[in-house]
Structure formats: structure tokens, C-alpha cells
Amino acid sequence: MSEEHRSQIYHTVSLIPEGKVASYGQIADLAGLPGRARLVGLYLKQHDPTRNLPWHRVVKSNGQIAFPNGSDKAIEQCQRIMSEGVLVNNNYIEMKKYKWDPDLTDILYRLAF
DNA sequence: AAGCTGACGAATG
DNA sequence: ACATTCGCCAGCT
């Protein structure tokens, strides 16, 4: 079951469109795992770099990048996300503007598989 | 097996 | 926008 959750989370993350971001909690919700935002973080930490998962499109619910400002990881995420046209101001992203709000019917269909 | 930890969240100043 | 506090929860040790 747990491995099922893992792949469900990865799959959900893979659906975040370029130029948009989602929060950890949002991914958990969509993956059918409400209340498990931290689990998303954990699995994302352990993701296989081989499959280029758009992990950089996941941030905190307030738009903050989860890594400490100035850290290598934060810088990398910053570059990746900005290369997709998303603006970042000292570790923060404007959620009003960039939050992914998937079409419900579409996302339900895509999550089914 | 009982804590500990953390790529979190919401609410408050 | 930033810091604190508290709640949360699964994986790790």
C-alpha cells in the first residue's frame, strides 16, 4: 500500500504543468492522501533523479521554497522554476499567480490511471 | 519499540 | 514577509 502511495504521489507531481507550482499539501490531497503533506516531502526527497520528475514545481502552501534561502538546493530549485517563467522573490513564489488549479474532471481522469 | 525527524500547514503577532 | 507555536503523520533509528 505504501509503495502505492509513493507512486501515486509521483504521478500527481508529474501532472503539474510547466509554469505552475503546487503545494505539498495540494499534491497530497490530489493523490488521495489528505493530511500527509510531509509524506510528499519525504518521497520527493527520495525520488529517483533518473525519472525527471518536476519536483521543483512543489513548494510550501505559502509559496515559500522549502529549502533554506541560499542553500544549494534552494538555488537549484530557483533556477529550474524560473527557467519555466515562474518569478521567485527571495525564496517566495506568488501563489495567487502561479498556483496550479487543475480542471477537476480532467485531473480526475488523469489520476485514475 | 519508543522516540525523533522533517523538501509541511494553519494561525498569530 | 518573517518568526513562533502547535498540530500532524509516516518513515527512520
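Every chain is numbered from 1, with letters handed out A, B, ... down the list of sequences. Because the structure is predicted, anything quoted here is derived from the model rather than measured.
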State, with a plain yes or no, whether a side-chain heavy atom of L53(A) is found less than 4.5 Å away from one of L44(A).
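The answer is yes, as the side chains (C-beta and beyond) meet within the 4.5 Å cut-off.
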
Determine: side-chain N/O of S61(A) to OP1/OP2 of dA10(B), distance under 4.0 Å, yes or no.
yes

Classify the ring geometry of F113(A) against H11(A): parallel below 30°, tilted from 30° to 60°, perpendicular beyond 60°.
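The arrangement is perpendicular - the two ring planes meet at more than 60°.
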
Would you kindly give the [atom1]-to-[atom2] distance between [X] and [N], to the nearest whole Å?
{"X": "Q77(A)", "N": "dA7(B)", "atom1": "CD", "atom2": "C1'", "value": "8 Å"}
{"X": "N69(A)", "N": "dA1(C)", "atom1": "CG", "atom2": "P", "value": "12 Å"}
{"X": "N91(A)", "N": "dA3(C)", "atom1": "CG", "atom2": "P", "value": "11 Å"}
{"X": "M95(A)", "N": "dG9(B)", "atom1": "CE", "atom2": "C1'", "value": "12 Å"}
{"X": "Q26(A)", "N": "dA7(B)", "atom1": "CD", "atom2": "C1'", "value": "16 Å"}
{"X": "N89(A)", "N": "dA1(C)", "atom1": "CG", "atom2": "P", "value": "8 Å"}
{"X": "Y92(A)", "N": "dA3(C)", "atom1": "OH", "atom2": "P", "value": "8 Å"}
{"X": "N62(A)", "N": "dA7(B)", "atom1": "CG", "atom2": "P", "value": "16 Å"}

Sidechain-backbone polar pair: R57(A) side chain, I16(A) backbone, donor-acceptor under 3.5 Å
yes

Is a side-chain N or O of H5(A) found less than 3.5 angstrom from the main chain of S2(A), in a donor-acceptor match?
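Flag not set: sc H5(A) to bb S2(A) has no pair under 3.5 Å.
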
Under the 3.5 Å rule, do the base of dA7(B) and the side chain of Y24(A) count as making a donor-acceptor pair?
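In this structure, the two groups form a donor-acceptor pair.
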
Does CD belonging to Q46(A) count more than 12 external heavy atoms closer than 6.0 Å?
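Counting other residues, nucleotides and ligands, CD of Q46(A) exceeds 12 neighbours.
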
Should we say atom CG of D72(A) is surrounded by more than 12 heavy atoms from elsewhere, each under 6.0 Å from it?
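Not more than 12 within 6.0 Å, no.
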
Among the nucleotides dA7(B), dC2(C), dC8(B), which one has an atom lying closest to any side-chain atom of N90(A)?
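The nucleotide sitting nearest to the side chain is dC2(C).
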
Per-nucleotide protein contact string for nucleotides 4-13 of chain C (B base, S sugar-phosphate only, - none; heavy atom under 4.0 Å):
---BBSSSS-

Classify the nucleic acid contact of K45(A) as base, sugar-phosphate or nothing, counting any heavy atom under 4.0 Å across all strands shown.
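The answer is base, as K45(A) lies within the cut-off (heavy atoms under 4.0 Å) of a base atom.
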
Could you state the interatomic distance from CH2 (W100(A)) to CD1 (I107(A)), rounded to the nearest 0.5 Å?
3.5 Å

